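Because the structure is predicted, anything quoted here is derived from the model rather than measured. Within every chain, numbering begins at 1; the chains are lettered A, B, ... in the order of the sequence lines, protein sequences first and strands thereafter.
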Protein chains: 2
Amino acid sequence: MIKLYSKYKKHLVAVDSIIFGYDILEKELKLLVVKRSFNPAKGKWSLAGGFVESGESIDVAACRVLRNLTGLKNIYMKQLYCYGESARDPGARVISVAYWALIKIKSIDQKAAHENRAHWQSIKKLPKLIFDHTDMVERALEELRLRVRIKPVGFELLPEKFTLVQLLDLYEAIYQKPIDKRNFRKKILSLNILERLDEKEKVTSKKGAFYYSFNKANYKKLSKRDFYFNLDAG
Amino acid sequence: MIKLYSKYKKHLVAVDSIIFGYDILEKELKLLVVKRSFNPAKGKWSLAGGFVESGESIDVAACRVLRNLTGLKNIYMKQLYCYGESARDPGARVISVAYWALIKIKSIDQKAAHENRAHWQSIKKLPKLIFDHTDMVERALEELRLRVRIKPVGFELLPEKFTLVQLLDLYEAIYQKPIDKRNFRKKILSLNILERLDEKEKVTSKKGAFYYSFNKANYKKLSKRDFYFNLDAG
DNA sequence: CCAAAAGTGTTCGAATTACACCCATGA
DNA sequence: TCATGGGTGTAATTCGAACACTTTTGG
């Protein structure tokens, strides 16, 4: 058994994660990037990454890397793409599987993040990233924009309770363009997946805006029928 | 330089390809599968696959595997997903990057295919495939259905000249459901990416049906403007 | 009382759906 | 002449896009 496939070459396999967060005050989509602590490209900005260990599934590796950096588990995380150009990493031939994740900025473990030299950067002014990491971010952004339109994943970036204005701002930050307020509210409310709470957010306005929460149970029930989430926002 | 990353474990990396073809007479979408000639699972049905060699990019590896099996190059081929469960292959820990390809059945090199024990199977009655290959096919089918709706890739499965009836039949075979003939013709013709030839296909009917060809140049020109291919067929 | 943000409906045009008959021709 | 498959148009409905004023309340 151990001789099977023995004539074939093995490769280093890494995972790299595009970790999105949303700053609710600045109304900006952010990316978690780290300063590399080792060569090659030591001191340069890169995505959160790590190597896949023996006997470790790639999904688990990606979760491990995310957890080490942020202290978080059970996070919305999907595989994005496998990058396998032979010279993509100047240090060695490394095949990298990219993942993208959506997290709530406030929930991360500040200490772990700081120790790993992780920083949030606005996607509007990203620094240059090493290797093909900028390509990865672009692909992840496309995927996010596609995904957020057809699946209720935007909520992963917001607190448990949020106002419709905050949700709208999030979509505008993701698409980088203005969205009609009335049409947006009409659409999202008609889906019957939001629950209005008896509580208002009163910091940003005197009138106050109702908090809502995502009704995951109802979404699951609805999506078993012929219901489809579709937020054509602009 | 050669010592970088030296403490990390390496892995076997394979590529597996979901190769779709379309049988214009049977009006069926087909999958190219091969009988394994080596252990484990020798003699079982599997996807076309192979290992990534040193210094070979994964895209190149996938093309190589496809070329060896079918004699074809410059084929529509996209990465699908990277499968990295640690025990997915009982022979050894192998990480597999799946690709999906669209080819014209008639264009393949019969001799090469035969030597590699490759066979076309209707997607309506696929045999059991090894490992996680059935998952790969299902994912590829979803991707194909999504893709064929928003990009003009269906033509990759048809001969250079085809009738609108054949194109409709193809879409029905992909979606496995009937599509309204008039609406389909109206929609596809309104896109202005088909060119009607002065020639008819007269085998399947006495009246004959006009041949069309995909006008790739015009499609490229149009897609640079605000034009989007969208064939909401069903 | 007023500034500032939240909340609310309607109209118009475009796109999608449903649907049934005539045409051309070779046998 | 007739059986077979190719080709055509219109009406009804739905969906998305555009658009401006009223409400609430803390300072």
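Residues forming a side-chain contact (heavy atoms from CB on, under 4.5 Å) with B:T204 (at least two apart in sequence, or on another chain): B:E201. Not a single salt bridge (Lys or Arg N to Asp or Glu O under 4.0 Å) links B:K125 to another residue, sequence neighbours left out.
In this structure, A:R149 places its CZ atom 15 Å from C1' of D:dC15, rounding to the nearest Å. What separates OH of A:Y211 from P of C:dA6 is a distance of 12 Å, to the nearest Å. We find that CG of A:L168 is positioned 11 Å from P of C:dG7, with the value rounded to whole Å. Distance NZ (A:K187) to P (D:dT14): 15 Å, rounded to an integer number of Å. One interatomic measurement links the two molecules: CG of B:D169 to C1' of D:dG6, which rounds to 12 Å at whole-angstrom precision. One interatomic measurement links the two molecules: CD of B:E201 to P of D:dG5, which rounds to 12 Å at whole-angstrom precision. If you measure from atom CZ of B:F184 to atom C1' of C:dC19, you get 18 Å, rounded to the nearest angstrom. B:Y212 places its OH atom 12 Å from the P atom of D:dG6, with the value rounded to the nearest Å.
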What pairs of donor and acceptor atoms, side-chain ones from residues 17-34 of chain B against any protein atom, are under 3.5 angstrom apart with sequence neighbours left out?
from, atom 1, to, atom 2, distance (Å)
B:Y22, OH, B:L170, N, 3.4
B:D23, OD1, B:L25, N, 2.9
B:D23, OD1, B:E26, N, 2.8
B:E28, OE1, B:S122, OG, 3.2

Listing, residues 129-137 of chain A side-chain donor-acceptor contacts under 3.5 Å, not counting sequence neighbours, or none:
from, atom 1, to, atom 2, distance (Å)
A:D132, OD1, A:R88, NE, 3.3
A:D132, OD1, A:R88, NH2, 3.0
A:D132, OD2, A:R88, NE, 2.7
A:H133, ND1, A:L47, N, 3.0

Pair up each side-chain donor or acceptor in residues 78-85 of chain B with any protein partner under 3.5 Å, not counting sequence neighbours, and list the distances.
from, atom 1, to, atom 2, distance (Å)
B:Q79, OE1, A:C82, N, 2.8
B:Q79, NE2, A:C82, O, 2.8
B:Y83, OH, B:R139, NE, 3.1

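Contact annotation for A:T163: no contact, since no heavy-atom pair falls under 4.0 Å across all strands.
Among B:Y171, B:F162, B:Y76, B:Y212, the single residue meeting the ring pair (Phe, Tyr, Trp, His ring centres under 6.0 Å) criterion with B:F155 is B:F162.
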### Message
Using a 4.0 Å heavy-atom cut-off to protein, can you give one letter per nucleotide of nucleotides 18-27 of chain D, 5' to 3': B if the base is in contact, S if only the sugar-phosphate is, - if neither?
### Response
BBB--BBBB-
